[in-house]
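Positions are given from 1 along the sequence. Excluded from the calculations below are hydrogen atoms, water molecules and symmetry mates; all remaining heavy atoms, backbone and side chain alike, are included.
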Amino acid sequence: MCLGVPMQIKSITDGVAVCEIDGVQREASLMMLDEAQVGDFVLIHAGFAIEKIDPEEAELTLKALREALDMGLEPK
């Protein structure tokens, strides 16, 4: 199963974004999204930002992920 996690871009250096959600930061390549900017929400999958999403969509997706984790569902 593939899972993209919404994160917010905090900084960009040489095509690599530092993204954050809930205090967790990860680096992600922007090679698939050259129009992404600091402050944007993006879906991160396998170290790549694969899609720009609006903040409301990001929050809905995060809410669903948090509910799944609260129910004990964890990625294997």
**Q.** Common cluster, Met32/Val16, ILVMFWY with side-chain heavy-atom separation under 4.5 Å
**A.** no
Q | Under 3.5 Å donor-acceptor, Asp54 side chain and Glu56 backbone | A | yes
Q) What's the shortest heavy-atom distance between Pro6 and Leu43, and which atoms? A) N-CD2, 3.8 Å
Q. What heavy-atom pair brings Leu33 and Val42 nearest, and what distance separates the two atoms?
A. CD1-CG1, 3.9 Å
Q. Are Ile21 and Ile12 grouped together when hydrophobic residues (ILVMFWY) are joined by side-chain heavy atoms under 4.5 angstrom apart?
A. yes
Q) Taking all non-hydrogen atoms of both residues, which atom of His45 and which atom of Leu3 are closest, and how far apart? A) ND1-O, 3.2 Å
Q: Determine the minimum heavy-atom distance between Ala58 and Phe41, stating which atoms define it.
A: CB-CD2, 3.6 Å
Q) Is it the case that one hydrophobic cluster holds both Leu62 and Ile44, taking links as side-chain heavy atoms less than 4.5 Å apart, direct or via other members? A) yes
Q: State, to 0.1 Å, how close Ala49 and Leu30 come at their nearest heavy-atom pair, and which atoms those are.
A: CB-CD2, 3.7 Å
Q. Would you say the side chains of Glu20 and Gln8 form a donor-acceptor pair under 3.5 Å?
A. no
(Q) Which heavy atom of Met7 sits nearest to which heavy atom of Val24, and what is that distance? (A) CE-O, 3.5 Å
Q.
Applying a strict under-4.5 Å side-chain criterion to I, L, V, M, F, W and Y, I'd like to know whether Val18 and Phe48 cluster together.
A. no
Q.
Rounded at 0.5 Å granularity, tell me how far NZ in Lys63 sits from CD in Glu59.
A. 8.5 Å
Q) Taking only residues at least two apart or on different chains, which pairs with a member in residues 28-51 satisfy salt bridge (Lys or Arg N to Asp or Glu O under 4.0 Å)? A) Asp40-Lys52
(Q) Would you say CD of Glu27 has more than 12 non-hydrogen atoms from neighbouring residues, nucleotides or ligands within 6.0 angstrom? (A) no
